[in-house]
Amino acid sequence: MINDKKVLFSGMQATGSLTLGNYLGALKNWVTLSDEYECFYSVVDMHSITVRQDPATLRKRARALLTLYIAAGLDPEKNCIYYQSHVSGHAELAWILNCFTYMGELNRMTQFKDKAAKHADNINAGLFTYPVLMAADILLYQADVVPVGIDQMQHLELTRNLAQRFNAVYGDIFTVPEAYIGKTGAKIMSLQEPSKKMSKSDENPNGSIYLMDDPDTIRRKCKRAVTDSVGEIRYCDEQPGLRNLINIYCACCNKTPDEAVNEFAGCGYGQFKEAVGEAVVSVLSPLQKRVAELEKEKGYIDSVIKNNAEKADYYAGKTLRKVQKKVGFPERVRG
Ligand code: ATP
Ligand code: LTN
């Protein structure tokens with residue numbers, strides 16, 4: 001607990017351009033939760049270098065992501081918005097947790113298997129131990145809840161196991177976190193291959209709507225989305241493309257699938273796709289405007305970066321010192 005509130009932690013990588021999936025599956029929920037919890041939202045740049053990055057591009061994207069957090073409605077006075085690499089406790093706790101993680105556990109991680117297959121020329125140890133760094137992110141702040149998309153559940157399960165394993169040996173040190181999966185938008189699929197999740201690293205740009213896409217591009221991508229030949233607006237597993245569009249529409253308009261199906265009963269796919277396009281535009285246009293405004297306020301963003309890194313470092317340090325003492329590191333001599 002911090003200030004009598006439960007603690008929430010989440011993070012996003014600054015790799016690639018963020019998609020509508022990232023927004024509806026993560027950012028949008030973050031904003032809803034930000035009043036109820038004491039929140040830490042990190043730009044997890046240390047995770048990003050598990051895949052080779054161009055330094056200048058990474059720096060630029062990290063700043064753009066931090067700005068986007070604020071533009072999406074997270075107040076940096078109330079929410080701790082910071083760069084992971086500015087708080088050394090993440091790496092320090094990750095090392096200790098590495099020594100409590102079994103190779104077999106990491107071998108089972110599907111994200112590792114996927115990324116190793118994609119980057120066969122660079123299967124580095126960081127890619128393998130990535131979930132341990134993620135566990136450190138969460139446990140460092142004694143987070144109670146972690147809003148993530150379904151794809152991150154396996155990593156969260158590992159985090160819980162590590163917390164319980166550590167606590168079983170040393171007493172109640174870590175809060176065991178719970179995942180928070182939003183009701184709508186938990187898994188937005190590719191517009192071109194509805195069996196695959198919409199991803200910022202997809203090679204086909206028509207499969208994803210990027211948060212910075214202009215209105216015409218958004219409308220065009222929705223219009224071209226893959227559907228089926230049934231020709232009837234229904235929300236079912238047999239029509240995965242359409243179901244995905246309904247999910248997108250509902251997440252953008254805060255409606256339920258039943259409401260959407262009723263609203264478009266008897267309409268053709270073309271008409272529905274147009275409505276989806278407009279719904280997405282109405283969510284993304286204001287967001288893009290706020291990003292453009294914030295980009296001009298350099299001094300303000302810099303102060304957010306500085307103040308929140310200090311705040312995060314303070315809370316991280318508290319947990320880290322406890323953990324270091326428990327595992328037997330000698331206390332520092334101060335003064
Ligand atoms: P990549 O595919 O390049 O690995 P990504 O698009 O999956 O990246 P992440 O940085 O891994 O993005 O995810 C950031 C957050 O967005 C996570 O909480 C993740 O669960 C969520 N997320 C990502 N894609 C989707 C999606 N298609 N639908 C719902 N949530 C998503
Ligand atoms: N692994 C996550 C990003 C991430 C994260 C975290 C999410 C890193 N650390 C801590 C929640 C909590 C991803 O790839 N989406």
Side-chain angles (χ1 to χ4, degrees), residues 1-2 5-13 22 25-26 29-30 33 37-50 79-80 82-85 87-116 125-182 186-187 312 315-324 326-327:
M1 300 283 257
I2 299 178
K5 282 183 175 174
K6 285 192 170 179
V7 177
L8 178 155
F9 185 95
S10 203
M12 238 187 252
Q13 295 197 57
N22 298 124
N29 290 323
W30 293 7
L33 295 165
Y37 295 94
E38 186 72 34
C39 301
F40 292 83
Y41 291 117
S42 187
V43 171
V44 292
D45 47 358
M46 289 163 68
H47 278 93
S48 299
I49 63 161
T50 51
N79 302 278
C80 190
Y82 73 101
Y83 294 127
Q84 182 187 31
S85 63
V87 180
S88 60
H90 289 258
E92 293 180 77
L93 182 60
W95 173 254
I96 295 172
L97 293 178
N98 263 318
C99 302
F100 288 80
T101 311
Y102 304 117
M103 298 290 283
E105 286 178 304
L106 296 178
N107 257 327
R108 283 199 293 275
M109 295 291 143
T110 52
Q111 182 172 304
F112 169 70
K113 288 189 226 170
D114 290 351
K115 295 222 166 166
L127 194 63
F128 189 63
T129 60
Y130 174 115
V132 183
L133 179 59
M134 176 162 163
D137 299 341
I138 297 165
L139 301 181
L140 206 46
Y141 300 95
Q142 307 288 356
D144 297 277
V145 287
V146 183
V148 280
I150 289 169
D151 61 308
Q152 293 299 310
M153 279 306 283
Q154 206 185 17
H155 291 163
L156 209 74
E157 231 9 82
L158 176 76
T159 305
R160 289 167 54 83
N161 289 339
L162 286 178
Q164 282 160 346
R165 189 172 303 158
F166 198 91
N167 287 352
V169 181
Y170 299 107
D172 265 349
I173 304 298
F174 292 125
T175 302
V176 181
E178 302 277 347
Y180 174 95
I181 305 279
K187 197 161 187 187
Y315 288 106
K318 276 178 50 159
T319 303
L320 190 64
R321 279 192 296 278
K322 252 195 241 171
V323 172
Q324 287 171 331
K326 287 290 175 185
V327 298

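Predicted model, so just to flag it, every value in this text is computed and none were measured.
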Residues 126-142, side-chain donor-acceptor partners within the protein, below 3.5 Å, at least two apart:
| unit_1 | atom_1 | unit_2 | atom_2 | d |
| --- | --- | --- | --- | --- |
| T129 | OG1 | A125 | O | 3.1 |
| Y130 | OH | Q13 | NE2 | 2.8 |
| D137 | OD1 | Q84 | NE2 | 3.0 |
| D137 | OD1 | H90 | ND1 | 2.8 |
| D137 | OD2 | Q84 | NE2 | 3.4 |
| Y141 | OH | Y82 | OH | 3.1 |
| Y141 | OH | H90 | NE2 | 3.1 |
| Q142 | OE1 | T175 | N | 2.8 |
| Q142 | OE1 | T175 | OG1 | 3.3 |
| Q142 | NE2 | I173 | O | 3.0 |
| Q142 | NE2 | T319 | OG1 | 3.4 |

Step-by-step side chain to side chain contact (heavy atoms under 4.5 Å, CB included) determination, V327 to F166: CA-CA 10 Å; V327 298; F166 198 91; 3.8 Å; yes

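- Within a 6.0 Å radius of CE in M1, more than 12 heavy atoms belonging to other residues, nucleotides or ligands are found.
- Counting heavy atoms from C-beta outward, V323 and F174 have side chains that approach closer than 4.5 Å.
- Interatomic distance, N107 CG to K113 NZ, rounded to the nearest 0.5 Å: 8.0 Å.
- For the residue pair Y315 and I2, the shortest heavy atom distance occurs at OH-CG2, 3.3 Å.
- Nearest heavy atom pair, residue P177 against residue A143, reads CB-O, 3.5 Å.
- Atoms SG and NZ, on C39 and K5 in that order, are 7.5 Å from each other to the nearest 0.5 Å.
- The CD atom of E92 lies 12.0 Å from the CG atom of L97; values are rounded to the nearest 0.5 Å.
- The backbone N or O of Q111 lies less than 3.5 Å from no partner atom in the side chain of Q154, so there is not a single donor-acceptor pair.
- Of the candidates Y83, F9, W30, Y41 forms a ring-ring contact (aromatic ring centres under 6.0 Å, His included) with just one, namely W30.
- By the 6.0 Å contact criterion, NZ on K326 is open, its count of non-hydrogen atoms from other residues, nucleotides or ligands being 12 or less.
- Separation of atoms CG (L33) and OH (Y180) is listed at 4.5 Å; rounding is to 0.5 Å.
- A distance of 11.0 Å separates CG of L162 from CD of E157, quoted to the nearest 0.5 Å.
- For S85 (side chain) and D45 (main-chain N/O), no donor-acceptor pair under 3.5 Å exists by modelled atom type.
- Between the CG atom of L158 and the CG atom of L106 there is a distance of 6.5 Å, given to the nearest 0.5 Å.
- Closest heavy-atom contact between A316 and V87: CB-CG1, 3.8 Å.
- For the pair N161/Y102, no side-chain contact is recorded, criterion being any heavy-atom separation below 4.5 Å from C-beta on.
- Applying the salt bridge (Lys or Arg N to Asp or Glu O under 4.0 Å) rule to R165 yields the partners E105; only residues at least two apart in sequence or on another chain are considered.
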